[in-house]
Amino acid sequence: MVIATASPAGVYHATGRTLCRLLEAPCEARTSDGSAANLEAVRAGEVTVALAQSDLQHYAVTGTRGFADAGPDPALRSVMSLHGEPFTLVVRRRSGIRAFDDLQGHAVNVGNPGSGQRGTMMTLLEAWGWTLDAFRPAYALPADQQSLELCHGKIDAMVYTVGHPNPSIEQAVRLCDARLVDVTGPAVDRLVAEAPFLTRATIPAELYGADQPAVETFGVRATLVASADTDPEAVYALVAAVFDDLEAFKSRHPAYSDLTPERMIGEGLSAPLHEGAKRYYRERGWLADAPMDDPANEAEEPDAADEPPAEPEEPPTVPDN
């Protein structure tokens, strides 16, 4: 099994490695350029499964925004939803940036092409009525390089759509006198109201130091996706490895602390559930007892996902050895 992740600096790669450790089969957590690149790799049949932001999953299945040229991907399937990923704005304290509006005229890293952070940033800029020309200049650095460039003064701000705590952000705050900034305002309000794959998010106070206040922003969820052509037995085995040992999985990273079966099979999933995932969820009693949906019908209605019950059966607690 090959799991497409992202930069080694983020939670995606840590998640891929954790999934591989839980599987009793050969498995590779492969680094990549991020969510958009991962979705393209799934479409091309280059990887077994992949991690992707919930907003980019929606754009891929509907063929919108960055996926308009490729068109809708009717074979894209959801496997599960994972941790929340707040859109995080980190700035040098001496830059004078105290809100998103203050970014105009500053050197800002918007993320490398193919990354989820760049995709979310472009969506936010459109809602704000800006283009990349608002920045002087806009950089396209990958996530594992941006903190270093912030420290060196090459950029004044960086954005990261990521689970917290994150070592790259911790490095910027601890070593480079950086701070986190709220991302709020009418444009954010409109985005959250209009897009079911976006939610309001709060980064807890003191996560990156005693003087760090709670940060208000918005965010997406990390999701695991596959192609309808991916072997159902392989997807079933992966889902079982997570949910049969959910407490062990959650213990691997603080970003997983709020995960529940209900959230993981419902939130942020625009593509239909994969056949292998649905079989496991039905066996656990988390989906209605009904015959498998016809994949062709699912492709026509990508937003008609199965809904979990209000109080799903909780998996047994398994100690993390």
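In this text the structure is predicted, and so the values were computed from the model without any measurement.
Using cut-offs of 30° and 60° on the angle between ring planes, the pair Y256 and H83 is tilted.
The stretch residues 22-36 participates, sequence neighbours left out, in these salt bridge (Lys or Arg N to Asp or Glu O under 4.0 Å) pairs: E28-R30. Residue pairs meeting the side-chain hydrogen bond (donor to acceptor under 3.5 Å, both in side chains) criterion with at least one partner in residues 181-194, sequence neighbours excluded, are D189-R200. Residue pairs meeting the salt bridge (Lys or Arg N to Asp or Glu O under 4.0 Å) criterion with at least one partner in residues 160-173, sequence neighbours excluded, do not occur; the list is empty. Among pairs with a residue in residues 2-64, those fulfilling disulfide bond (SG atoms under 2.5 Å apart) read C20-C27, at least two apart in sequence or across chains.
No side-chain donor-acceptor contact under 3.5 Å links T120 to the backbone of Q117. Between the side chain of S32 and the backbone N or O of G34, at least one donor-acceptor pair lies under 3.5 Å. Remark: side-chain polar atoms of S168 are not paired, donor with acceptor, to backbone N or O of N166 under 3.5 angstrom. Side chain of H253 to backbone of A255: a donor-acceptor contact under 3.5 angstrom is found. A distance-only check finds a donor-acceptor pair linking the side chain of T223 to the backbone of A52 [under 3.5 Å].
In terms of hydrophobic clustering, with Ile, Leu, Val, Met, Phe, Trp and Tyr side chains grouped at heavy-atom distances under 4.5 Å, L148 and V90 are assigned to different clusters.
Listed by chain and number, the residues in a salt bridge (Lys or Arg N to Asp or Glu O under 4.0 Å) with R92 are D156 (sequence neighbours excluded). Here D73 pairs with nothing under the side chain to side chain donor-acceptor pair (under 3.5 Å) rule; sequence neighbours left out. Applying the side-chain contact (heavy atoms from CB on, under 4.5 Å) criterion to E267, with sequence neighbours excluded, gives S81, R221, R263. Residues forming a salt bridge (Lys or Arg N to Asp or Glu O under 4.0 Å) with E126 (at least two apart in sequence, or on another chain): R65. Scored by the side-chain contact (heavy atoms from CB on, under 4.5 Å) test, V183 finds F87, L89, F100, L124, V188, T217, F218 as partners (sequence neighbours excluded). Remark: D69 engages no residue in a side chain to side chain donor-acceptor pair (under 3.5 Å) (not counting sequence neighbours). With sequence neighbours excluded, the residues satisfying side chain to side chain donor-acceptor pair (under 3.5 Å) with E233 are R279. With sequence neighbours excluded, the residues satisfying side chain to side chain donor-acceptor pair (under 3.5 Å) with D101 are W128.
Residues F67 and R43 form no side-chain contact, since every pair of their non-hydrogen atoms from C-beta on lies 4.5 Å or further apart. Residues V91 and H106 fail the side-chain proximity criterion, which asks for heavy atoms closer than 4.5 Å. Side-chain contact between T131 and L125 is absent, with no heavy-atom pair separated by less than 4.5 Å. The shortest distance between side-chain heavy atoms of M158 and I169 falls below 4.5 Å. In this structure, L207 and H164 have side chains that are in contact, with non-hydrogen atoms separated by less than 4.5 Å.
Test D231, L238, V239 against V235 for side chain to side chain contact (heavy atoms under 4.5 Å, CB included) and you get one pass: V239.
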Self-check item: Working for side chain to side chain donor-acceptor pair (under 3.5 Å), residues Y139 and Q145
Solution: CA-CA 11 Å; Y139 284 89; Q145 295 180 20; over 6 Å; no

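Considering every non-hydrogen atom in both N38 and A50, the closest pair reads CB-CB, 3.7 Å. Across every non-hydrogen atom of S54 and F197, the tightest pair is OG-O, 3.0 Å.
Counted by atom type alone, Y59 and Q53 present zero donor-acceptor pairs between their side chains at under 3.5 Å. A donor and an acceptor atom, one from each side chain of S78 and Q57, are located under 3.5 Å apart.
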